[in-house]
**Student:** 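Got a structure here, written out as structure tokens. Questions coming.
Convention: sequence-line order gives letters A, B, ...; per-chain numbering from 1.
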Amino acid sequence: MTSIPWNTQLRELAKQCQYLQALTLYRQMLRCGSTPNAFSFPFALKSSASLSLPFSSQQLHCHVIKSGCSLEPFVLTSLISMYCKFNSVEHARKVFDENPISNQLTVCYNALLSGYALTSRLFEGFSLFCKMREMGVSVNSVTILGLIPMFSEPGYFSAGMSFHCCCVKLGLNLDFSVSNCLLTMYVKCGAVEFGRKLFDEMPKKGLITWNAMISGYAQNGLASNVLELYKKMKACRICADAVTFVGVLSSCAHLGAISVGREVEQQIESSGFSLNPFLNNALINMYARCGNLVKARAIFDGMPMKSVVSWTAIIGGYGMHGYGEIAVELFDEMIKGGIRPDGAAFVSVLCACSHAGLTEKGLDYFVEMETKHRLQPGPEHYSCVVDLLGRAGRLYEALELVKSMQVKPDGAVWGALLGACKIHHNVEIAELAFEQVIELEPTNIGYYVLLSNIYAEAENLEGVLKVRVMMRERNLKKDPGCSHLEHKGRVYLFLCGDQSHPQSVEIYRMVDELETLVKKLVGCKNNQERRSKELFLGMGVHSEKLAIVFGLLNSEPGTEIVVIKNLRVCEDCHLFLKGVSKIVDRQLVVRDATRFHHFRDGLCSCKDYWEKTEDLSFKIFEFENYIPKHKPVDCWFSRRRLQEYMVNCSMDKLWVD
DNA sequence: CTAGGGTTAG
């Protein structure tokens, strides 16, 4: 029987990515006594490789040799590509070397090159490229596409740029897919501005171009740039797809921009992407970070296939809001279900433990990580455990752990220790940790401020001065603290010390009044003294206080005002919130993820409030750490003032002689 | 042989 009809069908199935059906058809073909030929093997090989079936692929290789078509270019290429997909470039290379005709064929070089790129073997890949040029084999755009991923890692920026020049010389940079790929290369190296330049200069932009830029911003944490570009994209009438939404949703999660997130969710539903696992994971993350755990959980429960990423997202969500017990339960459930945790899953469960004060449980997991799951803990895991011990007050144990580390501790590890010293007022260890951390991250302003505040709390003014001088010498500027408040569909931005709001006189008066009342309640002795100290430290009135009071002034009695803090809140503000919630006739709810266990029984009835989050009148987000790099989105109030502030704000202004 | 995608603290 002739193999032609079989081949036609085989090709169609492989084209439509129906690999399992394609392989079944191939087997059927053999059973029927039809001999596969050079037009059958490529599709069968591709299907088998795509399904990650090494055994079946090896069998296919034998069939190829028996049938004698191993010298056919298309078959040869498929064989090389198949071995590359199984991460065995050596086998691929063997096939390449054993069939000298490969030396003449662009496609064979291309297949092997993409294999080297996949395993990031820069040197071998590049020498093969040189060989190709020496042999006079023509280079096409696919060759370039195969090579570029080798330079798409942080640290390979200059290599990537040289290669870009090489593309220009070959005239291949004008190819649409090559320029898209170059754009991706730059953003993956972390050279986002460079990528943006390329993006702006591209004469023709397709969906993939937009997506590459959007994802690039998202992966580099430039969330507001993502939303800005997304707006522009819509204005250009480019129809977004699932990949676009993934980038946009992750940025919404970072910014707490739930309104944009909901809009995107509706679009996902109407465009039929609801079953896309990538999108569902992004939605879980977005809802969890924006405070709606119920919605996040509903999406999670509705997913038919949950990957380790889905689990990590939901575990992180519960952990972030202090529900350590649930996070731990979920983690155990995941393992029972046969999903192997990876490094990221451990980061999220360890953080959950530290936020909820589950110290012993967290330490158990840390040990099990190596013994049970054979995962080498990285510095990111150590920083979680240092945080875990540190919050529990076990500072010396934490210090010993850092000293015993196999891998070199990074800034985050020492930073976690420094943060713990702030909570437990330990100046001695703080000095030690600070010395290390500024060695590793000399320009991270946060650590200087942290130490300065530790000294201030210990009433060590000499220490404060020392740090301030250091900051001035290094020309480091503290960006102003900033809070967002969402009210009736608008987002308001408050800076610390901001006076540009129309209601600012009223706001400040109320802050003052409340502070006085609060002081009585929490038993602080002198308002004036503390205020002058704050001024001296350059803190002024905290932005969240302004935001809260704005909320109070503009709401009806009995309204619920929600303060969602993703970052560390200063002690002073906690006292303020704690006091205010007792005074005013609004229900003031605070969620401070990072210090939750210190306030477990204090503050508020947080237990069931997430269920109602959808209908809240006010939300306040803390954005302090995001401001330096990104501008806030959708902010009517004070945007210009923020920019002015950023330009003018220097230590000298805050300096008191 | 072929450009874009989800999870991680401080």
**Student:** Look at all strands and tell whether A:Asp175 reaches a base, only sugar-phosphate, or nothing, counting heavy atoms closer than 4.0 Å.
**Tutor:** nothing
**Student:** Among B:dC1, B:dA9, B:dG6, which is the nearest nucleotide to the side chain of A:Glu380?
**Tutor:** B:dA9
**Student:** Using a heavy-atom cut-off of 4.0 Å across all strands, would you classify A:Ser215 as base, sugar-phosphate, or nothing?
**Tutor:** sugar-phosphate
**Student:** Have a look at A:Cys384 and say if it touches a base, only the backbone sugar-phosphate, or nothing, with a 4.0 Å heavy-atom cut-off.
**Tutor:** nothing
**Student:** Closest to the A:Ala412 side chain: B:dG6, B:dA3, B:dG10?
**Tutor:** B:dG10
**Student:** Looking only at side-chain atoms of A:Ala344, point me to the closest of B:dT7, B:dG5, B:dG10.
**Tutor:** B:dT7
**Student:** OP1 or OP2 of B:dA3 less than 4.0 angstrom from a side-chain nitrogen or oxygen of A:Lys204, does that happen here?
**Tutor:** no
**Student:** Which whole-number value in Å describes the distance from A:Ile144 CD1 to B:dC1 P?
**Tutor:** 18 Å
**Student:** Roughly how many Å is it from CG in A:Asp342 to P in B:dG6, rounded to a whole number?
**Tutor:** 14 Å
**Student:** Aromatic contact between A:His355 and A:Tyr323, with the criterion being ring centroids under 6.0 Å apart: yes or no?
**Tutor:** no
**Student:** Give a yes or no on whether a salt bridge exists between A:Glu201 and A:Arg196, defined as a side-chain N under 4.0 angstrom from a carboxylate O.
**Tutor:** no
**Student:** Could you tell me if A:Lys361 sits above the aromatic ring of A:Tyr365, with its cationic atom closer than 6.0 Å to the ring centre and no more than 45 degrees from the axis?
**Tutor:** yes
**Student:** With a non-hydrogen cut-off below 4.0 angstrom, is A:Asn276 in contact with a base, only sugar-phosphate, or nothing?
**Tutor:** base
**Student:** What nucleic acid atoms does A:Phe74 come within less than 4.0 Å of, heavy atoms only: base, sugar-phosphate, or nothing?
**Tutor:** sugar-phosphate
**Student:** Which is true for A:Ile208 with a 4.0 Å heavy-atom rule: it touches a base, it touches only sugar-phosphate, or it touches nothing?
**Tutor:** base
**Student:** Counting heavy atoms from C-beta on, name the nucleotide in B:dT8, B:dT2, B:dG10 closest to the side chain of A:Asn285.
**Tutor:** B:dT8
**Student:** Is it the case that A:Lys204 places NZ or CZ above or below the six-membered ring of A:Phe176, under 6.0 angstrom from the centre and within 45 degrees of the axis?
**Tutor:** yes
**Student:** Atom CG of A:Asn220 and atom P of B:dG5: how far apart are they, to the nearest Å?
**Tutor:** 12 Å
**Student:** Rounded off to whole Å, could you give me the CZ-to-C1' distance for the A:Phe366 and B:dT8 pair?
**Tutor:** 15 Å
**Student:** So what does A:Ala242 hit on the nucleic acid, given a heavy-atom distance under 4.0 Å: a base, only sugar-phosphate, or nothing?
**Tutor:** base
**Student:** What does A:Ser307 touch in the nucleic acid at a heavy-atom separation under 4.0 angstrom: a base, only the sugar-phosphate, or nothing?
**Tutor:** base
**Student:** Is the phosphate of B:dT8, meaning OP1 or OP2, less than 4.0 Å from a side-chain N or O of A:Arg289?
**Tutor:** yes
**Student:** Kindly point out which of B:dG5, B:dG10, B:dG4 is positioned nearest to the side chain of A:Leu207?
**Tutor:** B:dG4
**Student:** Given the structure, check if the side chain of A:Asp241 and the base of B:dG4 hold any donor-acceptor pair shorter than 3.5 Å.
**Tutor:** yes
**Student:** Considering only B:dC1, B:dG4, B:dA3, which nucleotide approaches the side chain of A:Ser177 most closely?
**Tutor:** B:dA3
**Student:** Using a 4.0 Å heavy-atom cut-off, does A:Lys85 contact any base of the nucleic acid, only the sugar-phosphate backbone, or nothing at all?
**Tutor:** nothing
**Student:** If only atom types and distance count, is the side chain of A:Ser271 paired as donor or acceptor with the main-chain N or O of A:Gln267 below 3.5 Å?
**Tutor:** yes
**Student:** Please report, rounded to the nearest Å, how far the C1' atom of B:dT2 is from the CG atom of A:Asn140.
**Tutor:** 9 Å
**Student:** Can you tell me which nucleotide in B:dG10, B:dG5, B:dC1 comes closest to the side chain of A:His355?
**Tutor:** B:dG10
**Student:** Judged by modelled atom types alone, do A:Tyr217 and A:Glu228 share a side-chain donor-acceptor pair under 3.5 Å?
**Tutor:** no
**Student:** Within less than 4.0 Å of OP1 or OP2 of B:dG10, is there a side-chain N or O belonging to A:His381?
**Tutor:** no
